[in-house]
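Below: the structure, in structure tokens.
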Amino acid sequence: ISMRNGVRCGALEVKNTKPSLSLGRKFELDDVIEAQQFDREILGNIFEVAREMEKVEKNSPGSQILRGYLMATLFYEPSTRTRLSFESAMKRLGGEVLTTENAREFSSAAKGETLEDSIRTVEGYSDIIVMRHFESGAARRAAATAEIPVINAGDGPGQHPTQALLDVYTIDREIGKLDGIKVALVGDLANGRTVRSLAYLLAKYQDVKIYFVSPEVVKMKDDIKDYLTSQGVEWEESADLMEVAAKCDVVYQTRIQRERFGERIDLYEEARGKYIVDKGVLNVMQKHAVVMHPLPRLDEITVDVDGDPRAAYFRQAKNGLYIRMALLKLLLVGW
Amino acid sequence: ISMRNGVRCGALEVKNTKPSLSLGRKFELDDVIEAQQFDREILGNIFEVAREMEKVEKNSPGSQILRGYLMATLFYEPSTRTRLSFESAMKRLGGEVLTTENAREFSSAAKGETLEDSIRTVEGYSDIIVMRHFESGAARRAAATAEIPVINAGDGPGQHPTQALLDVYTIDREIGKLDGIKVALVGDLANGRTVRSLAYLLAKYQDVKIYFVSPEVVKMKDDIKDYLTSQGVEWEESADLMEVAAKCDVVYQTRIQRERFGERIDLYEEARGKYIVDKGVLNVMQKHAVVMHPLPRLDEITVDVDGDPRAAYFRQAKNGLYIRMALLKLLLVGW
Amino acid sequence: ISMRNGVRCGALEVKNTKPSLSLGRKFELDDVIEAQQFDREILGNIFEVAREMEKVEKNSPGSQILRGYLMATLFYEPSTRTRLSFESAMKRLGGEVLTTENAREFSSAAKGETLEDSIRTVEGYSDIIVMRHFESGAARRAAATAEIPVINAGDGPGQHPTQALLDVYTIDREIGKLDGIKVALVGDLANGRTVRSLAYLLAKYQDVKIYFVSPEVVKMKDDIKDYLTSQGVEWEESADLMEVAAKCDVVYQTRIQRERFGERIDLYEEARGKYIVDKGVLNVMQKHAVVMHPLPRLDEITVDVDGDPRAAYFRQAKNGLYIRMALLKLLLVGW
């Protein structure tokens, strides 16, 4: 298995399985490590498979395409939400799961095993590894070691590529297009890897306009702004959520992460109350526009918004299931 | 889905599945929230299905009736015993399970997600939610939110309805009837939700007589006594376990819960040693009578009782499996 | 179920299942409690089945021989590595798993349930129990209680028989024979139950020679030396790893366990650096010889050894899967 431009490529070994939804052999996918590994065409292909996954019915042949496959969820820190989503995806396709949420025990200070050794052991027991880790770069190290596919389910402050994929997929599903859209990224733009990855992926589409709406203390960092500029993506900072919301196709709200403020509870409280998506915001939004959120939310979206058809965040969470089903299928049995 | 008299009712959506043990459409069951939601007829119907479940054999068609269904065990506090019982039930019927015992992480203080939001996410990944929670009323809130069925596997000091059902089922299986029985409730009657629910359910049957045998500090509270009286159920308090045991069909022993006594270890020790079911008690019991216990036990039943055929507590635990199989079947594929 | 010479024997109840790989009825296996329960013939038979297990392919009939069976992994202390290996083995054969890594909750100080009661409950939910416990002798107590098979997955400082089996199996697979082999046991020989069990099992073969190479503070205890002598097995202590490595078929390296040294970090550091398997050691080893290690390793084998075909430790870990598949098959459906 070789590395090309940060994307691991190579012959995908397919044994004993005929993909039931053969779309032709478009490209080979070995690991899912970071949002940047996908180009526009690959994203489109993955989304096509995800659409197929939405139609998989209980006990249909499509629900058995991963029968006999074993996924290991190797979580070095707990993330019940992400774990359940992956495990549901695997089981919805007939596959089986080995679970661990205390994988730190593998590499405990007392025992000191390397991540590489742990991976070599676990790959003997499973067909694919879904890993969550507390260190940036851990997923890449795991993928470089494993001979079976690895999916990054979040590595520290680094990447969480399946979240980025499901966000873009949700915009495509809800708005019907990705070119020419206007997206407001709201809330904690400094610390949220979600909005950073999303901005990165949106740059792959034409005529996208991005609005950053955030409290001063957590505004979007320059690296992303510079990247967008270099890609010819229009962006703008604004302090007026209402004005922006009225113009956008997507209002992507995020949680202000208290844990980032340390002792400065005052700053947290100030930042937290600043931009709330409520009925008032909904009222200025266009009819076709949607509100998204990576969840969990506190009160940055008020609960009276939930009943509006434009509240897309629970559909967005559900889309995570379809994206993960698609990736598991692609990594294990190919197109 | 509408609420009627505390019982959620509505059209049960059944897809792609034909119940293999069709008993006719007797009633629709949407959620299992509290013991009080069941009347005598419904209990009888559930018990009938549980009897069928006792006969399900490995790899028989009956063992596959929940094939393709996914149960999420969403436990906000660990309860290995209850969780394993539900998961065994699901798997014995061919279903699959998503497990979490650290569901508090969903709603951690740091993150602060509401139960309602967590439920909306998890229902996207599964077909039924079995929830254990530390707060009374949590199961009802979950059921009001979810569009998929919810089973209460215990919510704080509140309800634990599947335990209540398995207790009544066990009496029916062991004694052969529920009308006209005499039941001694022994031990911690003040704090045990088990005995409270059991008393409540027994009131639905004819000519039941209940004896309360407990240390003074943990005697049965007035609300249950008043309820029994209002339902015309005879009850009596007694300090003489031997005399009561000689008369009863069922001696239902419970553990004195040390955690309820705080610093008063002296009171705990006094209460704990007061009513022990031992060989002496067995000797005065009738031949057809049984000893029950919700488990775990400490020494309130001596181990030399275990070998007696009237020791029903491990059969009782096993009956929990059949009751849960029955409920999962009824909630997922109907009668 | 009766006990004979420490091996539990009896009629194995086989229901609804035809073993797909019938080798004839050679012996009956009820529980796996300790390495000593196996004689040379039984080991050979288990290894024969393990070889069959290596050939089981995804979705082949052989991959379904435990369909409908439920294994409970009842772990009173976490051991992710061992647990995943057993769970993978069960699922590779079509069986299902109930998992718990917090089984202490069953018997928490607060609740105080006996191991025997816990076992009686869990056996109602499953077909086989794989137990890890912190107390020596716990597995034997569990097996004496349970009417279903019990496999000891490690009980405190006591036994870990499946590790011992996979070690001997690995030597057989790598070297091609067990009689006449020369084995160096290196590292912590005082505390490692692995090397003690291995020495015990090797004594069952002809003309075996064992070399003990360890720092003075953790040398092999007299009981094993005396046992080897009584069985006519040659053994020798040596301080020269290079000289020994040049002569041996197997260099079995182990981790110096820091936790055994308490405050004496100086002694630990001294012991730890003393015998390292590195390229230099590899260079003197024979071409057919192998390096083994029970894992996890720290730096007692340098990572530059990993690429050498004689580095057998990850294959050894994988063999654990086949041995466990074999034992699950034998205990549940017989030969």
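Lettering of chains follows the sequences in order, A, B, ..., and the numbering in each one begins at 1.
Heavy-atom distances place no part of C/Q257 under 4.5 Å from chain A, backbone and side chain included. Looking at C/S63, neither its backbone nor its side chain comes within 4.5 Å of chain A, counting heavy atoms on both sides. Looking at C/D306, the atoms closer than 4.5 Å to chain A (heavy atoms on both sides) all sit in the side chain, from C-beta outward. At a 4.5 Å heavy-atom cutoff, the contact between C/R83 and chain A is made by side-chain atoms alone.
With rounding to the nearest 0.5 angstrom, the CE atom of C/M90 is 7.0 Å from the CG atom of C/L70. The distance from the CD atom of C/Q64 to the CZ atom of C/R67 is 6.5 Å, given to the nearest 0.5 Å. From C/T99, atom OG1 reaches atom CE of C/M71 across 7.0 Å, with rounding to the nearest 0.5 Å.
A/K329 places a side-chain N or O within 3.5 Å of a backbone atom of A/G334 that can act as its donor or acceptor partner.
Residue with the most contacts toward chain A among C/K318, C/E96, C/K91: C/K91 (heavy-atom pairs, distance under 4.5 Å).
Each of C/T194, C/D155, C/T82 was checked for a side-chain contact (heavy atoms from CB on, under 4.5 Å) with C/H160, and the lone residue meeting it is C/T82.
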